[in-house]
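Below is one structure, written out as structure tokens; comments come after it.
Count residues from 1 along the sequence.
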Amino acid sequence: MIELEAIRKRYLRPSGEPGADYVEAVAGVTLRIERGDFIAITGTSGSGKSTLMNILGLLDRPSSGRYSFNGEDVASLGVTEQARFRNERVGFVFQAFHLLPRTSALENVELPLLYSNRAQIDGLGKRALEAVGLADRIQHTPSELSGGQQQRVAIARALVNEPDLLLADEPTGNLDQQSASEVMEILGKLNADGKTIVVVTHDHAIAAHAKRIVRIENGRLQ
């Protein structure tokens with residue numbers, strides 16, 4: 001489904017900082033992700049794993065290289081086309097839940113539908129919450145939910161547009177061990193149902209839930 005070929009991402013170094021003129025956060029990564037895969041990208045802080053995830057989700061554009069998604073060169077899409085691609089094809093889950101505090105779980109989950117081109121959206125939010133085991137919490141606000149439940153709402157929000165790819169950046173970083181395990185079990189079930197998932201994590205116990213582990217250091221796959 002996804003082919004990265006010689007992907008590089010360079011950032012200009014702040015003026016006055018010693019060293020080369022630029023920092024290479026991702027240095028020639030080539031990676032293939034099959035439909036239905038469950039991959040964990042691991043590495044230390046600053047290794048380039050989050051930058052690589054941002055490129056996969058079109059939150060960042062590579063400096064060079066080729067990114068093919070279902071045969072389409074998506075790295076060269078314009079800003080509007082990339083925004084549409086993210087909304088329709090990719091679901092995002094972050095360490096911080098990014099939920100709107102004064103709205104219900106259902107309203108949070110339905111937010112991406114406001115920007116979709118779907119002809120029929122009724123019931124999609126409720127179905128996504130049922131998929132993460134929160135059918136009885138749809139009218140609760142984030143302050144009425146535990147950290148693990150908030151992250152499950154965030155997963156439901158990522159699923160509501162039925163994306164081809166689910167990207168999770170340190171999805172258990174703000175959770176206790178039990179809640180983290182529950183979240184990973186949900187991701188495992190979603191993968192068993194056919195969802196393609198990429199998790200970025202520094203936690204080896206979390207990475208062990210994936211089918212395949214990819215390690216990145218200094219911007220290069222190990």
- Item | Test salt bridge (charged side-chain N to carboxylate O under 4.0 Å, His left out) applied to Arg35 - qualifying residues, sequence neighbours left out | none
- side chain to side chain donor-acceptor pair (under 3.5 Å) against Asp164, all qualifying residues, sequence neighbours excluded: Arg89
- Message: Going by the rule side chain to side chain donor-acceptor pair (under 3.5 Å), which residues pair with Ser179 if we only count those two or more places apart in sequence or in a different chain?
- Response: Asp176
- Query: side chain to side chain donor-acceptor pair (under 3.5 Å) with Arg220: which residues, sequence neighbours excluded?
  - Reply: none
- Going by atom types alone, do Glu217 and Thr44 pair a side-chain donor with an acceptor below 3.5 Å? yes
- Item | Counterpart residues, side chain to side chain contact (heavy atoms under 4.5 Å, CB included), relative to Thr141 (two or more places apart) | Ser143, Glu144
Side-chain donor-acceptor pairs of residues 130-138 under 3.5 Å, sequence neighbours excluded:
none

- Query: Does Met184 belong to the same Ile/Leu/Val/Met/Phe/Trp/Tyr cluster as Val153, with side-chain heavy atoms less than 4.5 Å apart forming each link?
  - Reply: yes
- Task: Tell me yes or no: between the side chains of Asn108 and Thr103, is some donor less than 3.5 Å from an acceptor?
- Result: yes
- Query: Can you tell if the side chain of Ser104 reaches within under 4.5 Å of the side chain of Glu107, non-hydrogen atoms only?
  - Reply: yes
- Task: Go through the structure and list residues passing ring-ring contact (aromatic ring centres under 6.0 Å, His included) with His202, not counting sequence neighbours.
- Result: none
- Is it the case that more than 12 heavy atoms not belonging to Gln222 sit under 6.0 Å from its CD atom? yes
- Item | Flag if over 12 foreign heavy atoms under 6.0 Å of NZ, Lys211 | yes
- Message: Is any side-chain heavy atom of Met53 closer than 4.5 Å to one of Ile41?
- Response: no
- Item | Beyond-backbone contact of Tyr115 with Asn161, side-chain heavy atoms, under 4.5 angstrom | no
- Would you kindly confirm whether Val93 and Leu56 end up in one hydrophobic cluster when ILVMFWY residues are joined by side chain heavy atoms under 4.5 Å apart? no
- Query: Is there side-chain contact between Leu111 and Leu100, with at least one heavy-atom pair below 4.5 Å?
  - Reply: yes
- Pairs touching residues 54-63 that satisfy side-chain hydrogen bond (donor to acceptor under 3.5 Å, both in side chains), sequence neighbours left out: Lys9-Asp60, Tyr11-Asp60
- Query: Of Asn191, Ile197, Thr196, which is the lone residue that meets side-chain contact (heavy atoms from CB on, under 4.5 Å) with Leu166?
  - Reply: Ile197
- Message: Would a single hydrophobic cluster contain both Val200 and Leu167, if residues Ile, Leu, Val, Met, Phe, Trp and Tyr are joined by side-chain heavy-atom contacts under 4.5 Å?
- Response: yes
- Query: Which residue pairs pass the salt bridge (Lys or Arg N to Asp or Glu O under 4.0 Å) test when at least one of the two sits in residues 63-81, sequence neighbours left out?
  - Reply: Glu5-Arg66
- Query: Would you say Ile39 and Leu190 are hydrophobically clustered, going by side-chain heavy atoms of ILVMFWY under 4.5 Å?
  - Reply: no
- Task: Any chance you could pull the hydrophobic cluster mates of Leu12, using side-chain heavy atoms under 4.5 angstrom and chaining through other members?
- Result: none
- For Glu170, enumerate each residue passing the salt bridge (charged side-chain N to carboxylate O under 4.0 Å, His left out) test, keeping only those at least two apart in sequence or located in another chain. none
- ring pair (Phe, Tyr, Trp, His ring centres under 6.0 Å): pairs with one or both residues in residues 31-90, sequence neighbours excluded: Phe69-Phe85
